[in-house]
S.K.: 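Attaching a single structure in structure tokens format; questions to follow.
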There are 2 protein chains.
Amino acid sequence: MLDMAILGLLREGPMHGYELKQRLVDLGFWRISFGSVYPALRRLDRSGWIEVSGGSGRRKEYRITAEGKEHFQQILEDEASEVENTTAFRVRLAFFRYMEPSVRIGFLERRKSVLRERIAAARGSLRKTADRVDRYTQALMEHGVKVAEADVAWIEELIASEQLDAPRGFDDAPGEK
Amino acid sequence: MLDMAILGLLREGPMHGYELKQRLVDLGFWRISFGSVYPALRRLDRSGWIEVSGGSGRRKEYRITAEGKEHFQQILEDEASEVENTTAFRVRLAFFRYMEPSVRIGFLERRKSVLRERIAAARGSLRKTADRVDRYTQALMEHGVKVAEADVAWIEELIASEQLDAPRGFDDAPGEK
DNA sequence: CAGTCGCTATATCGAACCGATATAACGAAC
DNA sequence: GTTCGTTATATCGGTTCGATATAGCGACTG
């Protein structure tokens with residue numbers, strides 16, 4: 001996941017590690033530590049998806065390679081990708097501009113149905129355990145459901161505004177089912 | 001964090017690993033894997049906070065020890081504990097009944113101020129980056145702020161209902177500042 | 001102008017955690 | 001009676017976290 005976020009940011013231009021970490025924090029994905037960022041950068045370098053300029057010492061610059069861009073595009077648009085993972089969904093949303101318009105709505109829809117399943121499950125376990133859990137636990141579970149419902153509503157808004165932009169089949173994917 | 005959640009559940013009675021994991025999932029803290037649960041149980045056993053009955057084979061039962069209860073109480077009520085961590089806060093809330101009433105409101109207040117700081121920071125970074133991020137990223141950040149605001153409102157409710165139960169200084173902490 | 005404080009920047013370490021997978025016993029359906 | 005889903009314990013590799021170390025740099029301070 002971190003790999004995708006880093007590649008996505010490097011698509012906009014080369015950066016050094018510290019700046020990259022600041023940007024990641026700014027986007028508010030999650031709180032990332034250097035203990036994740038630097039190993040990730042080494043990993044991406046080994047895979048040939050980024051390259052490093054400025055040897056050992058201060059201020060190394062990282063830039064994405066052509067293969068890196070290709071790889072980023074692939075993992076970004078991967079239909080089988082985990083929509084159950086909130087972070088993964090949020091990162092993909094942040095890079096929606098790089099995603100085929102025809103794929104965007106599919107992602108949003110799949111996320112919505114995952115959330116709905118989760119809401120149903122949470123409601124079930126609330127009913128099931130209502131008698132043996134205390135009011136704090138109950139408040140916690142109920143709040144979780146409320147947040148998830150707000151998320152669904154938000155995603156529906158996103159879908160609606162996406163459909164306004166592309167009311168009927170898009171240039172890139174004309175007849176594609 | 002997992003350690004605290006496990007000890008908290010075992011306070012209610014002995015369980016085996018699988019059941020424990022189900023309960024953890026039911027509570028909806030986060031999605032826990034066996035790859036976390038079993039190492040955690042071994043860890044807790046080594047520390048002497050739980051004990052295992054039923055040797056190698058099927059269905060081991062785990063029960064909390066007296067030292068385990070003491071340790072649980074300590075990490076639960078630790079004033080210096082991380083309120084920045086959403087998961088840590090949620091787990092503690094689920095075990096609020098084991099917490100000194102005088103300590104509960106303190107926790108809620110500290111969580112609230114952390115969220116408020118985070119909202120302010122997010123608003124700042126929204127203003128700062130408004131021109132160079134696209135509408136998807138912006139929608140993501142704005143939604144994050146909204147969710148955090150709803151969280152603050154929820155915590156304020158919790159504080160209010162807590163103050164109803166204990167309107168003025170409690171028996172346990174009479175003159176304590 | 002020496003001292004030190006805080007920020008930028010890179011890096012590593014151990015511990016914890018995740019996701020996938022292996023294994024096996026059990027009950028029930030077919 | 002064997003195949004299937006569920007319960008149950010366990011491990012493995014890879015990733016991530018949190019803490020910590022190091023050092024150059026600018027700014028302010030006595």
S.K.: Under 4.0 Å from OP1 or OP2 of D:dT7: is there any side-chain N or O of B:Y18 that close?
M.R.: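 Indeed, a polar side-chain atom of B:Y18 lies that close.
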S.K.: From the options C:dA16, C:dA9, C:dT12, select the nucleotide whose nearest atom is closest to the side chain of B:R43.
M.R.: C:dA16
S.K.: Strictly below 4.0 Å: does A:R46 bring a side-chain N or O up to OP1 or OP2 of D:dG14?
M.R.: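 Answer no for this pair, as no side-chain N or O of A:R46 is under 4.0 Å from OP1 or OP2.
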S.K.: When you measure from the side-chain N and O atoms of A:Y38 to the phosphate of C:dA11, is any distance below 4.0 Å, counting only OP1 and OP2?
M.R.: no
S.K.: Quick check against the 3.5 Å criterion: does A:R123 have a side-chain atom that pairs as donor or acceptor with the backbone of A:V145?
M.R.: no
S.K.: Would you kindly give the CD1-to-C1' distance between A:I6 and D:dT16, to the nearest whole Å?
M.R.: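 In whole Å, D:dT16 C1' lies 12 Å from A:I6 CD1.
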S.K.: Using a cut-off of 4.0 Å on non-hydrogen atoms, how would the nucleic acid contact of A:G35 be classed: base, sugar-phosphate, or nothing?
M.R.: base
S.K.: Any side-chain N or O of B:S36 under 4.0 Å from OP1/OP2 of C:dC18?
M.R.: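 Yes, within the criterion.
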S.K.: Do the side chain of B:R11 and the main chain of B:I6 share a donor and acceptor less than 3.5 angstrom apart?
M.R.: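 Not confirmed, B:R11 side chain does not pair with B:I6 backbone.
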S.K.: Any side-chain donor-acceptor pair under 3.5 Å between A:Y62 and A:E19?
M.R.: no
S.K.: Do you see a donor-acceptor pair shorter than 3.5 Å between the side chains of A:R59 and A:Y18?
M.R.: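 Absent: no donor and acceptor within the cut-off.
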S.K.: Could you work out which one of C:dC17, C:dG19, D:dT9 sits closest to the side chain of B:R31?
M.R.: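 It is C:dG19.
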S.K.: OP1, OP2 of D:dT16 versus side-chain N and O of A:S33: anything below 4.0 Å?
M.R.: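 Checking D:dT16 against A:S33, no side-chain N or O comes under 4.0 Å of OP1 or OP2.
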S.K.: A:W30 side chain N/O closer than 4.0 Å to the phosphate oxygens (OP1, OP2) of D:dC17?
M.R.: yes
S.K.: Please tell me if A:R59 has a side-chain N or O lying less than 4.0 Å from either OP1 or OP2 of D:dC25.
M.R.: no
S.K.: Would you mind telling me which residue lines up with the more 5' stretch of DNA chain D, B:Q22 or A:A40, judged by nearest nucleotide?
M.R.: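 With B:Q22 and A:A40 compared, the 5'-side residue is B:Q22.
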S.K.: Side-chain N or O of B:R42 less than 4.0 angstrom from OP1 or OP2 on C:dA16?
M.R.: no
